[in-house]
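Below is one structure, written out as structure tokens, with a few remarks after it.
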Amino acid sequence: MMREKIHEQFQKHFGGSGEFYASAGRINLIGEHTDYNGGFVFPGAIDKGMMAEIRLNGTDRVRVYSVDLEDSAEFGFREEDAPSASWARYVFGVCREIIKRCGDVLKGFDAAFAGDVPLGAGMSSSAALESTFAFALNDMLELSIDKFELARIGQSTEHNYCGVNCGIMDQFASIFGKAGSLIRLDCRSMEYKYFPFHPKGYRLVLLDSVVKHELASSAYNRRRASCETVVTAVKAAGHPSVEYLRDVDMAMLAEVKGKVSDEDYMRAEYVIEEIQRVLDVCDALERDDYETVGAKMYETHHGMSRLYEVSCPELDFLNDLARECGVTGSRVMGGGFGGCTINLVKDELYDSFISRAVRDFSAKFGHEPKVYPVVISDGARKLE
Ligand code: GLA
């Protein structure tokens, strides 16, 4: 359906037809705000993403149409050609980041795209968009950029063209995602491992609070700055080899108590604990011990809410409700400040949990949460 919709607009705006490429949004089972701290994350691509029809146009300009926003943009490849629409900056940024790495290799193209990842829900719609275009241009122009670099192109786009100092998790998941598997990534070494994820007797479901935090990107950048402040303090306290919070343990953190703000201290405490939780969850999964997986998810929520302070009343409410309903695990997912909780729910509890969550949340906040059952799917790809 999405493909037809895109093609119709491609024909209307540019005539003829192009190649189709797609990429995915992501979930993350556990490991939040750990990526830019050199820690572990545990994401997977989902069956919601972005899709684009693209064709080289024989010029040195890009013409792109957003089907969902009913908006078009046109730009060249020089830094000063940056488009003003924020959605178009993702596409422009990908082009610029390719040029920075590979030189003058790009050719003008026409594209129409659409997506079904809800925007601002913490499922990485922007990474899906970046990955779609990075993957497509690499494939169409035979640039031989490896998959890690494709992910970094998306990440640098966020840093340099969209104002978000993000880690690598979202773009990594969007590029490397594989149906049926979560991926544990060590963000320091970039080693990764696929974990087939078919929890027998359980389901994963996202509850979207539909809350979007206006200042999410600056709050996100401030969290990252706090982590860096603590790393600098620990280094100065006699640990010169420390590079990331990943390299810091609780005893080292205690050495800088009083030298960093209470707030920065709390942020670091959360991150150090969260990195360990990812490893604990992987161990538990190898034993099919979903009770432990779920308990760790609740611990993450608590840490994100009280120490990292990236939750909000709506997400705390959904988390409390999950606990009351006996849901195995629940926590705020992604960057926070709104968006979704991810819930690990026993099959037999699923229907009653969802109906109660919808009812009670609506009664309290005046709108329904959205419900997205998780299907772990493939990442960036060309469509036949
Ligand atoms: C956002 C960022 C990621 C990651 C998460 C939190 O999704 O883009 O790099 O930091 O927040 O885990």
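Numbering of ligands and ligand atoms starts at 1, following listing order. Hydrogens, waters and symmetry mates play no part in the numbers below; they use all other heavy atoms, side chains included. Values in this document were obtained by computation on a predicted structure and should not be read as measured data.
- Between F40 and C282 there is no side-chain heavy-atom pair separated by less than 4.5 Å.
- For a heavy-atom separation below 4.0 Å, the residues in contact with ligand 1 are R26, E32, H33, D35, Y36, C166, G167, M169, D170, Y220, G334, G335.
- The salt bridge (charged side-chain N to carboxylate O under 4.0 Å, His left out) contacts involving residues 370-384 comprise E19-K382, where partners must be two or more places apart or lie in separate chains.
- Ring geometry for F365 versus F361: interplanar angle of 30 to 60°, hence tilted.
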Applying salt bridge (Lys or Arg N to Asp or Glu O under 4.0 Å) to E286 and K193, what does each step give before you reach the verdict?
CA-CA 13 Å; E286 266 160 352; K193 183 179 168 193; 3.2 Å; yes

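- Under the rule for a salt bridge (Lys or Arg N to Asp or Glu O under 4.0 Å), E255 has no partner lying at least two apart in sequence or in another chain.
- Not a single salt bridge (Lys or Arg N to Asp or Glu O under 4.0 Å) links R359 to another residue, sequence neighbours left out.
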